[in-house]
Each structure stands twice: as C-alpha cells, then as structure tokens.
A.B. asks: 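Below is a structure I'd like to ask you about.
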Amino acid sequence: MRLLIPGGAGYIGSHMVKYVQELGHEAVVLDDFSTGHEWAINDCEILRVNLLDQDTLAQLLKGRSFDGVIHFAAKSLVGESVQKPDLYYRNNVVGTLNLVNEMITNDIHNLVFSSTAAIFGNPVTEKIAEDHPKNPINPYGQSKLMAENMLRDICAVHDINATCFRYFNAAGADRSGSLGEAHDPETHLIPNILKSTIPGGSVLKVFGTDYETHDGTCVRDYVHVTDLAEAHFLALEYMKDNSGFSAFNLGNGSGFSVLDVIRSCERAVKKMIPFDPAMRRVGDPPVLVADSSAAICKISWEPKFGSLDAITQSAWRWHEHSGG
Ligand SMILES: NC(=O)c1ccc[n+]([C@@H]2O[C@H](COP(=O)([O-])OP(=O)(O)OC[C@H]3O[C@@H](n4cnc5c(N)ncnc54)[C@H](O)[C@@H]3O)[C@@H](O)[C@H]2O)c1
C-alpha cells in the first residue's frame with residue numbers, strides 16, 4: 001500500500017510511518033514541521049507544506065494516488081487553544097477540510113483521522129464509550145469535534161470513508177529506543193516525569209493531590225503509541241467492508257493515577273523521583289478512562305502494551321537515548 005501521512009513528522013505520526021514501513025508499505029509524509037522533526041522520519045518522500053496553503057497542497061497532490069490517508073496534522077495544546085482559538089479552528093478544521101477536498105479531487109477514498117478524548121469534556125460515566133455525551137470544554141476539543149462532524153457529513157455524500165480515533169493519553173516510544181516523544185513545550189506527564197530525573201531537570205509538579213481518587217491524584221488512561229499505530233493500520237482494513245463514517249475510542253481501559261505513573265517511572269529509571277504537590281489545574285477532571293471495547297471488537301485491535309511499566313520503560317529507553 002502507499003499511504004499519505006499528514007503530520008507524519010510528529011510524535012504519533014512518526015511512529016505510524018515506522019510501523020507501516022516495517023510492514024513493507026510505502027509512507028509519504030506531508031508536514032509543515034511546525035511541531036514535527038525531520039530526524040523522526042527516514043526513507044520516505046516528504047511533502048513539505050502547510051495544510052492551509054491550498055494552492056501548494058493542490059499542486060503537490062495533483063494526480064497522486066494513495067490507498068489511504070492517515071491524518072495526524074493538528075495543533076494540540078489545550079492551553080494554547082484557549083489563548084488562540086482562531087488558530088486552532090483554522091489549523092484543525094480548515095486544514096482537515098482542505099485535505100479532504102484534495103482527496104475528493106484526486107479520487108482518494110480512505111481517511112483515518114486523529115481525534116481526541118477532549119471531545120467528550122467532563123465525564124459523566126466511569127468509562128467513556130463512543131455514546132458518551134460530547135461537550136468539549138476547550139477550543140482544541142471543540143475543533144476536533146467540528147472536524148469529526150464535518151467528516152461525517154462529507155462521508156454521507158462523497159465517496160469517502162473516514163474512521164476517527166479518539167485517543168486518550170498517547171504514551172511510550174518505539175521499541176528501538178531511537179524514536180519517541182519530543183514536544184516543545186512538553187505538556188505530557190510521562191516525558192515530564194522522566195525529564196525531571198535528568199541532571200538540571202526541573203522538579204516535577206503534581207497538580208492536585210485532593211481529588212476523589214484512590215490516592216488523591218488525577219487518573220488517566222495511557223495507550224502506547226505503537227498500539228495506536230496498529231489501530232490506524234487496522235482501520236484501513238475495516239473500511240474495506242465498512243464504508244462511510246465511523247468513530248472509536250482508543251485507550252487501555254485502565255486508569256492510573258499520577259502517583260502510579262511516578263512509581264512506574266521510578267521502576268524504569270531505578271531511582272526515587274521527588275515531586276512538589278501543586279494546586280489543581282482548572283479543567284482537569286479527576287478521572288478519564290476509555291471504554292475501547294468497540295475498537296477491540298470491530299477493528300480487531302489488540303493493544304500489546306497493557307502494562308504501565310512496559311509503557312514507561314519504552315519511554316525511558318528513548319529519553320536515555322536522546323539525552324532528555
Ligand atoms: N499525543 C497525544 O496524547 C494525543 C492525544 C489525543 C489526540 N492526539 C492527536 O493526535 C495527533 C498527533 O499528535 P502528536 O502528539 O503526534 O502531535 P505532534 O505535534 O507531535 O504532531 C503533529 C504534526 O502535525 C504537523 N502539523 C500541524 N499542523 C499542520 C499543518 N497545518 N500542516 C501540515 N502539518 C501540520 C506538525 O508539524 C507535526 O509534525 C494530533 O492530531 C493530536 O490532536 C494526540
């Protein structure tokens with residue numbers, strides 16, 4: 001297969017590129033490198049373009065055929081989305097629309113779209129399944145929900161199939177240790193815990209220690225980045241027999257508190273990790289855990305990294321390799 005991977009130079013996208021290459025397929029990366037890295041992708045054609053640059057996008061994709069498009073390109077910092085909502089709606093909604101327009105023009109039929117648990121807002125059930133109410137509480141989540149709704153409407157009238165995946169917390173790194181998470185700024189818990197252990201790293205802050213959870217800290221669902229890549233690949237198979245629009249939640253189905261994650265990182269780095277308790281952050285729900293049974297059943301997804309220790313160990317291999 002030949003696959004177009006917008007956002008393929010980013011954290012999850014670069015693991016996707018490696019995953020499909022290892023299966024012997026061709027990946028073509030489309031990226032503006034606004035948050036992605038050239039070092040994260042190897043042995044593939046690169047289309048260097050911003051999805052908002054419609055003319056260049058049209059020129060680069062004209063007459064090209066792909067078996068599928070796996071679209072990761074987005075801005076995804078919640079805080080920044082509150083400060084710059086226009087940037088988020090333009091990049092994540094208009095960018096996706098421009099991409100889909102080119103798919104229609106060039107007879108490309110299958111899209112896998114990175115959505116997020118942030119479309120659900122504050123949870124009203126213990127685990128979040130696909131039918132959970134969708135009430136995003138920030139422009140980032142809202143932009144992804146708008147993109148999902150737009151894709152649903154487009155699939156209804158065009159020969160396009162789309163599978164949306166709402167990931168919970170993507171985590172971990174490729175087993176080689178040579179590819180992993182490198183956001184700037186880094187807002188994710190596991191890399192920030194690991195970075196705090198490196199000489200000169202700032203002391204870790206734990207935001208909120210008085211939540212109604214088993215140890216007072218927030219509980220989240222961590223899903224390994226290679227398991228996510230596998231789900232995206234399986235979605236291409238799924239769409240062969242299931243046309244139109246679909247959406248699935250992707251997580252491990254187990255919740256781990258911030259302190260559980262710190263303990264797991266301590267086992268990975270083999271030393272104690274000090275932290276400072278801090279005030280709760282506005283908009284952090286106490287618990288967010290996925291119900292991924294639909295993805296497991298319908299796309300035959302079998303996450304391999306069920307254990308938190310396997311996830312933190314893979315992340316630590318990458319942090320050691322990359323020096324932070
Ligand atoms: N990391 C997570 O835990 C998580 C959780 C839920 C959803 N997601 C979604 O998964 C996707 C990938 O996340 P990530 O953590 O790998 O992010 P990332 O920032 O590492 O990767 C995004 C990539 O898209 C590119 N990009 C952004 N806007 C672009 C544009 N307009 N044109 C061309 N390229 C553009 C960036 O340069 C980057 O390479 C995003 O859509 C994100 O919203 C991530």
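Any value given below was found using the heavy atoms of this structure, including those in side chains, with hydrogens, waters and symmetry copies removed. Each ligand, and each atom within it, is numbered from 1 in the order the structure gives. This structure is a prediction, so every number in the text was calculated from the model and none was measured.
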A.B. asks: Check each atom of ligand 1 against the heavy atoms of T116 and keep those under 4.0 Å away; list them by number with element.
C.D. replies: 6 (C), 7 (C)
A.B. asks: Quiz question: by atom type and distance under 3.5 Å, do the side chains of N252 and D221 form a donor-acceptor pair?
C.D. replies: no
A.B. asks: So H321 and S178, side-chain hydrogen bond (donor to acceptor under 3.5 Å, both in side chains) or not? Walk me through it.
C.D. replies: CA-CA 7 Å; H321 173 98; S178 62; 5.5 Å; no
A.B. asks: Using a plain distance cutoff, I'd like to know if G36 has any nitrogen or oxygen under 3.5 Å from a nitrogen or oxygen of ligand 1.
C.D. replies: yes
A.B. asks: Taking 4.0 angstrom as the limit and counting only heavy atoms of H183, give me the atoms of ligand 1 inside it, by number and element.
C.D. replies: 14 (P), 15 (O), 17 (O), 18 (P), 20 (O)
A.B. asks: Does NZ or CZ of R220 come closer than 6.0 Å to the centre of the six-membered ring of F256, within 45° of the ring's axis?
C.D. replies: no
A.B. asks: Who else is in L87's hydrophobic cluster (ILVMFWY, side-chain heavy atoms under 4.5 Å, direct or via others)?
C.D. replies: L77, V78, Y88, Y140
A.B. asks: Where is the nearest protein heavy atom to atom 21 (O) of ligand 1: which residue, which atom, and how far?
C.D. replies: G10 CA, 3.4 Å
A.B. asks: Check each heavy atom of H37 against ligand 1 and say whether those closer than 4.0 Å belong to the side chain, the backbone, both or neither.
C.D. replies: neither
A.B. asks: What atoms in ligand 1 come closer than 4.0 Å to a heavy atom of V49?
C.D. replies: 32 (N), 33 (C)
A.B. asks: Do V261 and V269 land in one hydrophobic cluster if side-chain heavy atoms of ILVMFWY residues count as linked below 4.5 Å?
C.D. replies: yes
A.B. asks: Considering only heavy atoms, which of N91, D32, L99 lies nearest to atom 31 (N) of ligand 1?
C.D. replies: N91
A.B. asks: Tell me whether ligand 1 is touched by G95 - counting only heavy atoms on the residue side and a distance under 4.0 Å.
C.D. replies: no
A.B. asks: Examine ligand 1 and decide if any of its atoms is less than 4.0 Å from a heavy atom belonging to N92.
C.D. replies: no
A.B. asks: Heavy atom to atom 42 (C) of ligand 1, shortest distance: which of Y140, Y167, Y88, F113 holds it?
C.D. replies: Y140
A.B. asks: Could you check whether T217 and D215, counting side-chain N and O atoms only, form a donor-acceptor pair closer than 3.5 Å?
C.D. replies: yes
A.B. asks: In terms of side-chain geometry, is the basic nitrogen of D32 or R48 positioned less than 4.0 Å from the acidic oxygen of its partner?
C.D. replies: no
A.B. asks: Among all protein heavy atoms, pick the one closest to atom 2 (C) of ligand 1 and tell me residue, atom and distance.
C.D. replies: A170 CB, 3.6 Å
A.B. asks: At under 4.0 Å between heavy atoms, which part of I12 makes contact with ligand 1: side chain, backbone, both or neither?
C.D. replies: both
A.B. asks: Does ligand 1 have an atom that lies less than 4.0 angstrom from a heavy atom of S115?
C.D. replies: yes
A.B. asks: Can you tell me which residue and heavy atom of the protein come closest to atom 19 (O) of ligand 1, and the distance to 0.1 Å?
C.D. replies: T35 OG1, 2.7 Å
A.B. asks: Is there a donor-acceptor contact under 3.5 Å linking the side chains of H37 and S14?
C.D. replies: no
A.B. asks: Show me which atoms of ligand 1 lie under 4.0 Å from any heavy atom of A74.
C.D. replies: 22 (C), 24 (O), 27 (C), 28 (N), 40 (C), 41 (O)
A.B. asks: Run the numbers on H25 and F233 for ring-ring contact (aromatic ring centres under 6.0 Å, His included), then give the verdict.
C.D. replies: CA-CA 11 Å; H25 301 288; F233 191 76; 5.3 Å; yes
A.B. asks: With a cut-off of 4.0 Å, which atoms of ligand 1 are near a heavy atom of S76?
C.D. replies: 42 (C), 43 (O)
A.B. asks: Decide ring-ring contact (aromatic ring centres under 6.0 Å, His included) for Y222 and Y167; before the verdict, give the C-alpha distance in whole Å, the side-chain angles of both, and the deciding distance to 0.1 Å.
C.D. replies: CA-CA 9 Å; Y222 296 88; Y167 327 143; over 10 Å; no
A.B. asks: Taking the basic N atoms (NZ, or NE/NH1/NH2) and the acidic carboxylate oxygens, is any pair closer than 4.0 Å for R281 and D284?
C.D. replies: yes
A.B. asks: Backbone, side chain, both or neither: what part of H188 comes under 4.0 angstrom of ligand 1, heavy atoms only?
C.D. replies: side chain
A.B. asks: Is R64 salt-bridged to E45, cutoff N-O under 4.0 Å?
C.D. replies: yes
A.B. asks: Check R166 against ligand 1 and report side chain, backbone, both or neither, counting heavy atoms closer than 4.0 Å.
C.D. replies: neither
A.B. asks: Among all the protein's non-hydrogen atoms, which is closest to atom 20 (O) of ligand 1, and how far away is it?
C.D. replies: Y11 N, 2.9 Å
A.B. asks: Who's the nearest protein heavy-atom neighbour of atom 41 (O) of ligand 1, and how far?
C.D. replies: K144 NZ, 2.7 Å
A.B. asks: Between the candidates F165, F168, F72, which shows the shortest non-hydrogen contact distance to atom 11 (C) of ligand 1?
C.D. replies: F72
A.B. asks: Going by an N to O cut-off under 4.0 Å, is there a salt bridge joining R280 and D210?
C.D. replies: yes
A.B. asks: Name the closest protein heavy atom to atom 37 (O) of ligand 1, giving the residue it belongs to and the distance to 0.1 Å.
C.D. replies: D31 OD1, 2.6 Å
A.B. asks: Pull out every atom of ligand 1 sitting under 4.0 Å from any heavy atom of F33, numbered as shown with elements.
C.D. replies: 37 (O)
A.B. asks: Angle class for the H183/Y11 ring planes (parallel below 30°, perpendicular above 60°, tilted otherwise)?
C.D. replies: perpendicular
